[in-house]
> 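After the structure tokens below, expect a handful of questions from me.
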Protein chains: 2
Amino acid sequence: MNKKLNKRQIILDEAAKLFKLKGFGGTSMRDLAGEVGMEAASMYNHIKSKDEILEHLCFHVSNTYIAQLAEVEQMPGSNGDKLKELLRRHINLMLEDGAAVSVANNDWKYLTDSKLLQFKEARKQYEKGFAALIENGIAAGEFRPVNASVALFTILSAVRWVELWYRPGRGVTAQELEEDIMAILLNGLAKN
Amino acid sequence: MNKKLNKRQIILDEAAKLFKLKGFGGTSMRDLAGEVGMEAASMYNHIKSKDEILEHLCFHVSNTYIAQLAEVEQMPGSNGDKLKELLRRHINLMLEDGAAVSVANNDWKYLTDSKLLQFKEARKQYEKGFAALIENGIAAGEFRPVNASVALFTILSAVRWVELWYRPGRGVTAQELEEDIMAILLNGLAKN
DNA sequence: CTCTCAAACTAACAAATGTTTGTTGTTGCT
DNA sequence: AGCAACAACAAACATTTGTTAGTTTGAGAG
């Protein structure tokens with residue numbers, strides 16, 4: 001009974017890796033089946049369609065992000081503290097589930113119709129919550145009075161390279177990574 | 001005689017827009033032909049293949065970046081000045097040629113064989129030069145002693161949202177944009 | 001042993017893909 | 001007018017695509 005869920009999970013995991021590597025359009029069901037170790041047709045015993053795979057991966061990520069936002073919003077502390085914690089969790093998901101995050105970042109545009117709308121909406125919700133932290137921080141005098149949207153996208157984009165670049169054991173630990181990124185974004189690169 | 005170059009340019013420009021919007025794999029030659037205003041087969045009077053289009057777009061961008069690096073390297077001034085100038089030009093190309101930059105950022109992985117290698121090499125060269133500026137700046141005491149690679153990718157990624165987000169007349173001018181981004185990256189978001 | 005049922009396979013499908021072929025205007029030069 | 005080069009077209013191509021149908025396999029339950 002959980003054998004089925006297991007095989008399904010293997011397919012989803014392998015799909016995330018392949019989509020990250022070769023893109024959604026560049027990955028055929030036969031490619032994926034080869035990686036999983038069965039024929040393409042056999043996978044349809046476990047998944048509904050190629051689109052369903054993409055949807056699962058994208059919404060797994062967006063749901064996690066939104067849940068993290070909700071948690072952080074209800075924490076005590078300054079806006080700076082909250083922003084830092086949200087960013088920390090944001091980076092963490094990339095480190096733990098890099099392939100899925102990569103797919104959600106790059107291949108979401110291949111979602112169809114209502115699912116595409118739904119995903120865009122979810123992303124917008126996350127960005128709105130993120131921006132609110134920045135705006136509140138500016139209003140409270142914690143942050144520089146920059147354009148909040150510019151700051152938001154600068155920060156969110158800044159951390160995107162993590163999923164492209166980071167591999168465990170590359171001389172930089174996850175902690176160092178988080179610290180350096182947050183140091184640059186919050187305190188800047190210039191010494192003064 | 002320049003009619004041919006003209007049509008070819010139209011195809012390349014339209015391809016950049018479509019690839020940005022729907023991805024390389026998600027754009028068929030018939031889609032593109034429809035946008036250009038001819039049949040798919042007719043385009044082969046102006047271009048060699050779909051791959052050639054992708055190659056042109058990708059290398060146009062990478063060549064420009066590398067040329068800008070070479071120019072800035074030979075300028076006088078501190079490492080901070082050079083970094084600032086290179087970043088300014090980097091952002092500028094995104095503002096002026098956003099679609100092509102988008103393709104080079106997202107669809108380069110569909111390049112084939114030697115072209116793929118070549119592109120990766122070009123990117124590495126650009127990153128190396130960029131990183132050298134940061135390292136020299138740290139050595140000279142101009143910058144915080146962070147990991148140069150982390151700083152490099154944080155900065156390069158941070159500006160990537162520009163091509164995804166920026167549209168002229170969205171309330172933020174190109175100047176404000178550049179200033180705010182550079183302020184955050186160089187001086188940080190936190191007030192102190 | 002036999003029945004069952006999920007999960008794998010082979011084979012085939014229709015649709016879409018990038019590209020080639022052969023042909024037909026159309027333009028400009030002599 | 002006549003030739004040459006170009007640029008558009010329709011039709012077809014071989015392949016690849018995602019997916020379905022029908023069949024076989026194999027393990028567990030009675």
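Excluded from the calculations below are hydrogen atoms, water molecules and symmetry mates; all remaining heavy atoms, backbone and side chain alike, are included. Letters go in sequence order (proteins before strands), and every chain restarts at 1.
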> Looking at every strand, decide which applies to A:S28 at a 4.0 Å heavy-atom threshold: base, sugar-phosphate, or nothing.
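Result for A:S28 = sugar-phosphate.
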> Counting heavy atoms from C-beta on, name the nucleotide in C:dC9, C:dG18, D:dG18 closest to the side chain of B:R30.
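For the B:R30 side chain, the nearest candidate turns out to be C:dG18.
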> Send over the distance from B:E39 CD to C:dG25 P, rounded to a whole Å.
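Interatomic distance, CD of B:E39 to P of C:dG25: 16 Å.
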> Can you confirm whether the side chains of A:E176 and B:N147 place a donor and an acceptor under 3.5 Å from each other?
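Not at all, the side chains of A:E176 and B:N147 share no donor-acceptor pair under 3.5 Å.
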> Does the distance from a Lys or Arg side-chain N to an Asp or Glu carboxylate O, for A:R88 and A:E85, drop under 4.0 Å?
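Salt bridge: yes.
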> With no hydrogens and no angle check, do the side chains of A:D81 and A:S78 hold a donor and an acceptor under 3.5 Å apart?
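The answer is yes; a qualifying pair exists.
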> Take the protein atom CE of B:M43 and the nucleotide atom C1' of D:dA10, then report the distance between them rounded to whole Å.
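In whole Å, D:dA10 C1' and B:M43 CE are 15 Å from each other.
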> Which one, D:dA21, D:dC9, C:dT19, comes nearest to the side chain of A:A41?
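Among the listed nucleotides, the one closest to the side chain of A:A41 is D:dA21.
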> Could you tell me how far apart A:I11 (CD1) and D:dG18 (P) are, to the nearest whole angstrom?
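That distance rounds to 14 Å.
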> Quickly work out the A:N6 CG to C:dA6 P distance and round it to whole Å.
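Atom CG in A:N6 sits about 17 Å away from atom P in C:dA6.
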> Name the residue closer to the 5' end of DNA chain C, choosing between B:K48 and B:D31 according to the nucleotide with the nearest heavy atom.
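Residue closer to the 5' terminus by nearest nucleotide: B:D31.
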> Quick check with a 6.0 Å cut-off and a 45 degree axis cone: is B:K115 positioned over the face of B:F59's six-membered ring?
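Here B:K115 passes the 6.0 Å and 45° test against B:F59.
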> Quick one: B:K50 NZ to C:dA16 P, roughly how many Å, whole number?
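That distance rounds to 15 Å.
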> It should be established whether B:S42 places a side-chain nitrogen or oxygen under 4.0 Å from OP1 or OP2 of nucleotide D:dA7.
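The answer is no; no side-chain N or O of B:S42 sits under 4.0 Å from OP1 or OP2.
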> With a 4.0 Å cutoff (strictly under), does any side-chain N or O of A:K7 reach OP1 or OP2 of C:dA6?
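False: A:K7 side-chain N/O out of range (4.0 Å or more) of C:dA6 OP1/OP2.
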> Cationic tip of A:K109 within the cone over A:F24's six-membered ring, i.e. under 6.0 Å and within 45° of the normal?
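Judged by the rule (NZ or CZ under 6.0 Å from the ring centre, within 45° of its axis), A:K109 is not positioned above A:F24.
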> Look at the side-chain N and O atoms of B:H46 and state whether any lies under 4.0 Å from the OP1 or OP2 oxygen of D:dA8.
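Yes, because at least one side-chain N or O of B:H46 sits under 4.0 Å from OP1 or OP2 of D:dA8.
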> Would you mind reading off the distance between A:Y44 atom OH and C:dA6 atom C1', rounded to a whole angstrom?
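It is 19 Å, rounded to the nearest whole Å.
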> What about A:N45, does its side chain sit under 3.5 Å from the base of C:dA6 through a donor-acceptor pair?
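No pair found.
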> Tell me the interatomic distance from A:L18, atom CG, to D:dG18, atom P, rounded to whole angstroms.
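Checked: the CG to P distance equals 12 Å.
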> What is the distance, rounded to the nearest whole Å, between atom CD of B:E52 and atom C1' of C:dT19?
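Value for this atom pair: 14 Å.
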